[in-house]
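Worksheet for the structure shown next.
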Amino acid sequence: MPPEPDAVMPGAAVPDRARSDACPGALRLHTADDGALARVRLPGGLLTDRQALALAGAAEALGDGRLEITSRGNVQLRGLASDCGGELAERLRAAGLLPSDTHERVRNIVASPGPGAGPAEGSADVRAWARALDAALCASPWATGLSGKFLFALDDGRGDVAALDADVTLIAGPDGTALLRLGRAATARPVPAGRAVAAALDAAREFLDAQRAAGLRAWHLRELPDLLPPGPVPLPPSAGTRPPLGALPGGGLHVGLRFGVATAGQWRALVDAAEGELRLTPWRGAVLPGAPADRLPELAAAGFRTAAGTAWDGASACTGLPGCAKSRSDVRADAARALDTARTLGTARASDEGAALLPVHWSGCERRCGHPAGCRVDVLATGEGYRVAVTGGPQGRDTAVEVTNEQMAAAVAAARRTT
C-alpha cells in the first residue's frame, strides 16, 4: 500500500510534502506482496450494473478474483500481473470507467448515497453534483496538480459524508443553498446550490495556488489549515447519520462487506439484486436503490452484512499479511476472529450496554493505511501482539495497552465500550 496513511493520527507532525504521493490508480499500478494493485476511482460511488460486471470480469481475468471497496467508495483489484495495465485500461475505458487518463487519480469524490437511503431525507440528490464535479475536474488541466489523496465530499444535508472531514465538503441546505467547508474548519461559506460545484472546484484551485505562492506542498487542506480563509457561517450540528444496514426507509437496500472485500461471485450476486444501479459507500458497503426487501435473505446467505447491531459495525482493517510485506501480522484474519467471537465476550450487540460501540481499525504497521477519520480505537500489530489504544477515553484521556494475540479480542471489546 502507499507509504503514507490517509488519516493523520492525533498529535502527529505533518511534513511539507517534498514529493508526489504514491497513491495507486487504474493506470499507475502499485506493487504489493500479492501482486500488482489497481484502484479504480468511482466518483460518488456510482456504478451501473454493466460497469459493476466489468469490474468483476477484470478481477477474475486479471487478478485474484476479489474486489475491495475502499474507505472512499472506490474499488481496488489485487493480485494483478505487473504487465496487465494495458488490458485493464481497455476494459475500464469500454465500461466508461476511465474518462480521463491524465485525471484518473484525482477523481476522489464521496457522496451521500441519495434520497431514500437513510432515516431522514436529505436536502438534495447529490448524484448530479458528483457527475458535474467529476466532469469539471477532468476538464481542468490544473486539477492534475492535486494529490491522489485530495478528497471532495458531497453531503445531501443529513451529515453522513460531511463527517469524513474531506478537503472540500459541500453540504446541501433546505432552501436552495449549500455550505462550502474547507478541511476541518468549524465554519463554512454559503453558496447558491446552482454554483456549489463551481465553488468546490474553485476552492481546490485556490488551495493549489496558495500553497504554490507560499512555497509549500501539501496533499490535504488540513496540513495547511491557515492557507485559506475560513467561511463566516458556523456549521450546523450534525449527527453524521449513516444509512442503516438492511431495508431502507425510503426504499432500496444497504448491505455491508466484511472489510469491504467480495469475491467475484459475491459481487455478481450483489449486481443481480441491485436491478440496475449500485452506490458504493465510504463505509465499505453498497446501497441498492432498486432492490426489494425480499432480496435480503439471499444477500445474507451470500455473506453480506444485512443488519446492524453487531461487533462488525464500525470495524475496518488494513490489508496486512500476506498482501503487504510491511505488515507484522495477518490483521484481517486476527480482526475477523476477534469480531466473530465478540458475542462470547458480551459485545455482539451495541444494545448490550445501551450505547453504540466505538469504531475500531486494525493496522499491520505504523503507516495505518486506510485508517478512517474519527476512528477512536486503534489496534496496531507490534510483531509480538497488538497495541490497543483509545483516543478520548474516560475523563477524555488517551489510553493504550500492549496485549498478546490471545488477549487482543478482549482488549478491543473493552476499548470499544469506553465512554
Side-chain angles (χ1 to χ4, degrees), residues 2 4-17 20-21 23 43-44 70-73 105-112 126 129-130 133 136-137 140 142-143 145-157 159-173 177-191 195-238 240 282 368 370-376 391-392:
E4 292 287 344
D6 288 340
V8 177
M9 296 301 294
V14 179
D16 179 32
R17 308 294 193 179
S20 297
D21 71 274
C23 256
T70 74
S71 60
R72 295 180 168 193
R105 291 195 320 122
V106 302
R107 301 170 64 227
N108 296 304
I109 304 170
V110 296
S112 299
V126 295
W129 280 0
L133 180 56
L137 273 173
S140 302
W142 60 264
L146 294 171
S147 160
K149 297 176 180 291
F150 193 94
L151 180 64
F152 296 88
L154 310 178
D155 194 291
D156 66 6
D160 50 5
V161 299
L164 300 179
D165 289 337
D167 294 285
V168 176
T169 302
L170 284 174
I171 305 171
T177 63
L179 291 176
L180 177 70
R181 181 193 187 196
L182 303 179
R184 294 173 174 171
T187 57
R189 306 174 188 172
V191 295
R195 271 200 44 80
V197 168
L201 200 65
D202 288 346
R205 185 166 192 171
E206 289 170 10
F207 172 65
L208 286 180
D209 291 344
Q211 64 172 309
R212 189 179 300 114
L216 300 171
R217 184 181 180 88
W219 296 346
H220 295 290
L221 267 162
R222 63 174 177 262
E223 297 172 13
L224 302 172
D226 300 325
L227 210 56
L228 297 181
V233 177
L235 287 172
S238 172
R368 293 180 171 85
H371 195 289
C375 183
R376 289 177 53 193
T391 301

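- Partners of Arg205 under the side-chain hydrogen bond (donor to acceptor under 3.5 Å, both in side chains) rule, at least two apart in sequence or in another chain, do not exist in this structure.
- Counting heavy atoms from C-beta outward, Pro282 and Leu164 have side chains that approach closer than 4.5 Å.
- Here Asn108 contributes atom CG and Lys149 contributes atom NZ; the two are 9.5 Å apart, rounded to the nearest 0.5 Å.
- For Ser147, the side-chain hydrogen bond (donor to acceptor under 3.5 Å, both in side chains) criterion is met by Asp21, not counting sequence neighbours.
- Between Arg195 and Asp202, the closest side-chain pair of non-hydrogen atoms falls below 4.5 Å.
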- Determine, stepwise, if the pair Arg72 / Leu151 fulfils side-chain contact (heavy atoms from CB on, under 4.5 Å). CA-CA 9 Å; Arg72 295 180 168 193; Leu151 180 64; 3.8 Å; yes
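- Considering only heavy atoms from C-beta on, Asp155 stays 4.5 Å or farther from Leu170 through its side chain.
- A distance of 9.5 Å separates CG in Leu228 from CD in Gln211, rounded to the nearest 0.5 Å.
- Side-chain contact between Pro43 and Leu133 is absent, with no heavy-atom pair separated by less than 4.5 Å.
- The side chain to side chain contact (heavy atoms under 4.5 Å, CB included) search around Ala203 returns Val168, Leu180, Leu182, not counting sequence neighbours.
- Each of Trp219, Phe150, Trp142, Phe152 was scored for a ring pair (Phe, Tyr, Trp, His ring centres under 6.0 Å) with Phe207, with one residue passing: Phe150.
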- Task: Would you check, one step at a time, whether the test side-chain contact (heavy atoms from CB on, under 4.5 Å) holds for Ile171 with Leu235?
- Result: CA-CA 9 Å; Ile171 305 171; Leu235 287 172; 4.0 Å; yes
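- When side chains are defined from C-beta on, Asp165 counts as touching Arg181, because their heavy atoms get closer than 4.5 Å.
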- Message: Determine whether Thr169 and Val161 satisfy the following criterion, side-chain contact (heavy atoms from CB on, under 4.5 Å), listing intermediate values before the conclusion.
- Response: CA-CA 8 Å; Thr169 302; Val161 299; 5.9 Å; no
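- Atom OG of Ser112 is separated from atom CG of Leu154 by 8.0 Å, given to the nearest 0.5 angstrom.
- Under the 4.5 Å side-chain criterion, counting only non-hydrogen atoms from C-beta, Pro225 is not in contact with His220.
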